[in-house]
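Please read these numbers as outputs of a predicted model, since none were measured by experiment. All ligand and atom numbering here is 1-based and tracks the order in the structure. Any value given below was found using the heavy atoms of this structure, including those in side chains, with hydrogens, waters and symmetry copies removed.
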Amino acid sequence: MAQPTGQTISQTTDTSTADAETYADFNWDEVGFGMVPTDYMYVMKSSEGESFTQGNVTPFGNIEMSPYAGILNYGQGLIEGLKAYRKEDGRVLLFRPEQNAQRLKIGAERMCMPSPSVEQFVEAVKQTVRANKHWVPPQGKGSLYVRPLLIGSGPVLGLCPAPEYTFLMYVCPVGNYHKGPLNLVVEDKLHRATPGGTGDIKAITNYSPVCKALTEARAKGFSDVLFLDAVTKKYIEEVSTCNIFIVKDDVISTPAIVGTILPGITRKSIIEIALDFGYQVSLSETLVFVIRWKVCCRQFDKQELIKICQFDQVEERTIPVEDLLEADEVFCSGTVVVISPVGSITYQDKRVEYKTGAETVSQKLYVMLTGIQTGRVEDKRGWTVEVV
Ligand SMILES: *Cc1c(COP(=O)(O)O)cnc(C)c1O
């Protein structure tokens, strides 16, 4: 039911709060994943030896920089990505923003940059989303994608960390990602990440090197590329911008975080949800997490702890590419793709197909995860943060 551009949202949702003031003048039935210039962005600067102190919400627009800026010459920068979701009652929720803040801090350390504190980061996200609140799509129509950047904005010539940094954040309404099952191709020549490199942080420089493999794959009709480990080319790592899971019988596996895989927040959340559903998740960090979580919630009894600690239940996993041939289901995870089923994977001219649609593990996880994110399912873990 396409509606003419410019129509207010009151006809497209059932919420009583929906009116021209609540929502921007935008055709919410047509929201995709393209650039939409929203009203405000956030800017905070730090100078040499100083941490970030005070940032501001400013009108969205171009930024000015010296041609010598560290980011332009040497790629000193990090990206982040998270979403704001509309609840049925019109209120707005963020999903685990402190996780993005922590990941940015770790990345900043690796890239020799100062970073905003977790509190500064979360506050900046709240302020930016609040200022652009009428750009958060109605429930069911999409979400507001938040893109923080931390960049070396000061001038350098000889290679060294930049003398000034800018923490920048803009937002963009995006549609629900439903392109149908993904058809992946395994890339065995080009690599996304190498041991000791920056594949485990959201370094800006990680992304354009992936474009060649991605463009070639798309030209052949594939949706995305699945990368192998750069050392042995035997184990699967992840897709260009999302993590991967495989399902075999009642075991869900995902490559362990070993330094060449981006520790996705969606990935982490899926593991926690899957464990609650009673699936075995083959991953060692899960073990640590479950114990910590149970302890901090004072929820464990001794019997339960012993059960969790049985290593044959929670096996550490590097996933050989051959395991793809045996899997029942495969799915990808990330803030943008949420949980997207994989319909097929092609490896050296061999194509394997997987179960998709209703009754799949990925569908069950998707309903639960998006339910929590949009406030339809009770958030027992304190993952959501309201923007008031
Ligand atoms: C951002 C990203 C992910 C997913 O992380 P989320 O926190 O779940 O959005 C996975 N892989 C790569 C390479 C990424 O850049």
Please evaluate residues V129 and V125 with respect to the criterion side chain to side chain contact (heavy atoms under 4.5 Å, CB included), reporting the C-alpha separation (whole Å), side-chain torsions for both, the decisive distance (0.1 Å), and the verdict. CA-CA 6 Å; V129 171; V125 175; 4.1 Å; yes
Dump the intermediate steps for side chain to side chain contact (heavy atoms under 4.5 Å, CB included) on Y207 and T241, then the final yes or no. CA-CA 8 Å; Y207 298 91; T241 59; 4.1 Å; yes
Before giving the answer on side chain to side chain contact (heavy atoms under 4.5 Å, CB included), spell out for K83 and V174 the whole-Å C-alpha distance, their side-chain angles and the decisive distance to 0.1 Å. CA-CA 9 Å; K83 282 174 171 174; V174 296; 4.0 Å; yes
Does ligand 1 have any N/O atom under 3.5 Å from a protein N/O, and what are those pairs and their distances?
from     : atom 1 : to   : atom 2 : distance (Å)
ligand 1 : 7 (O)  : R103 : NH1    : 2.8
ligand 1 : 7 (O)  : R103 : NH2    : 3.2
ligand 1 : 7 (O)  : I265 : N      : 2.8
ligand 1 : 8 (O)  : I265 : N      : 3.2
ligand 1 : 8 (O)  : T266 : N      : 3.0
ligand 1 : 8 (O)  : T266 : OG1    : 2.6
ligand 1 : 9 (O)  : T335 : N      : 2.9
ligand 1 : 9 (O)  : T335 : OG1    : 2.6
ligand 1 : 11 (N) : E238 : OE1    : 2.6
ligand 1 : 15 (O) : K202 : NZ     : 2.8
ligand 1 : 15 (O) : Y207 : OH     : 2.5

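Between F331 and F245, the ring planes are parallel. Angles under 30° get that label, and only those over 60° would be called perpendicular.
Screening V352, V342, I236 against L324 for a side chain to side chain contact (heavy atoms under 4.5 Å, CB included) leaves a single residue, I236.
Taking the ring axis of F52 as reference, the NZ or CZ atom of K45 does not stay both within 45° of it and closer than 6.0 Å to the ring centre.
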